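Reviewing the structure listed below.
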Amino acid sequence: MIPPGTLPEPADQFLTALANEIKAHLADNANTQEKVSLKDDERVRVGDGEHPHEYLFSCTRWKDSFESDRLLVRPSRSRRPWEYATATAHPDGKILVTTEADLGDHPGNVQLRDDVTWALTVSETVDKVPVP
């Protein structure tokens, strides 16, 4: 195993490039990506160190493909970076969004989109690769 911090130079540069790519994806407006708009929010639980924040929203055009633990969320008119989230559709048509991000007491309208950054997170396992 490679001890942390002792990766060869190309690997360190590769990990830096991956981190920069993830940062760019989270900052992107995602104008060409499919999104789902949510409205009529209600905070269900205030997050703390052990539990994420939970919000309940209405959605007029929910797509089952968005019921996932690999989503990004942010207020609809925001230019802030996207935040990691999960979403679950309830039988009453409400959508439960869970996120570590504090969207506030009444975030208003938010958007969800697929998280493509999860595929770039190999850096978490690189130092667990055995050295030949």
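Just so you know, these numbers come straight off a predicted model, no measurement behind them. Along the sequence shown, residues are numbered consecutively beginning with 1.
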Shortest non-hydrogen pair, S37 vs C59, comes out as O-SG, 3.6 Å

What are the two closest non-hydrogen atoms of P52 and R45, and how far apart are they?
O-NE, 3.5 Å

Taking NZ, NE, NH1 and NH2 as the nitrogens, is one of them in R43 or D102 under 4.0 Å from a carboxylate oxygen of the other?
yes

Nearest heavy-atom pair of R80 and P75: which atoms, and what distance?
NH2-CD, 3.3 Å

Are any side-chain N or O atoms of W82 and backbone N or O atoms of A27, one a donor and one an acceptor, separated by less than 3.5 Å?
no

On a heavy-atom basis, the closest approach of L103 and P107 is O-CB, 3.3 Å

Please round to the nearest 0.5 Å and tell me the distance separating atom CD1 of I95 and atom NZ of K39.
12.5 Å

The criterion is side chain to side chain donor-acceptor pair (under 3.5 Å); which residues satisfy it with E21, sequence neighbours excluded?
H25

Check whether any side-chain N or O of T98 sits under 3.5 Å from a backbone N or O of E54 as a donor-acceptor pair, and report yes or no.
no

Looking at E42 and K94, is any side-chain nitrogen of the basic one under 4.0 Å from a carboxylate oxygen of the acidic one?
no

So does K23 have more than 12 non-hydrogen atoms from other groups sitting under 6.0 Å from NZ?
no

If you count every heavy atom of other residues, nucleotides or ligands that lies below 6.0 Å from H106 atom NE2, does the total exceed 12?
no

Mind checking who shares a hydrophobic cluster with V116, ILVMFWY linked at side-chain heavy-atom distances under 4.5 Å?
none

Quick one: name the residues clustered hydrophobically with L56, using the 4.5 Å side-chain heavy-atom rule over I, L, V, M, F, W, Y, and just say none if it's on its own.
V44, L96

Is there a donor-acceptor pair under 3.5 Å between the side chain of Y55 and the backbone N or O of G104?
yes

For the atom pair CG (L112) and CG (L71), what is the distance rounded to the nearest 0.5 Å?
5.5 Å

Using a 4.5 Å cut-off on heavy atoms from C-beta on, say whether the side chain of R79 contacts that of N29.
yes

With heavy-atom distances below 4.5 Å as the criterion, would you say the side chains of F66 and K35 are in contact?
no

Would you check if L72 and D114 make a side-chain contact, meaning some heavy-atom pair closer than 4.5 Å?
no

Using atom types as modelled and distance alone, determine if a side-chain donor or acceptor of R113 lies under 3.5 Å from a backbone N or O of V36.
no

Would you indicate whether the side-chain heavy atoms of D40 and F57 approach each other to under 4.5 Å?
no

Mark yes or no for whether H53, through its side chain, and G47, through its backbone, hold a donor-acceptor pair below 3.5 Å.
yes

Residue that, paired with Y84, satisfies side-chain hydrogen bond (donor to acceptor under 3.5 Å, both in side chains) out of T99, T117, D69
T117

Say whether, by atom type as modelled, one donor and one acceptor occur between the side chain of D41 and the main chain of G108 under 3.5 angstrom.
yes

For the CD atom of Q111 and the CZ atom of R77, what is their distance to the nearest 0.5 Å?
9.5 Å

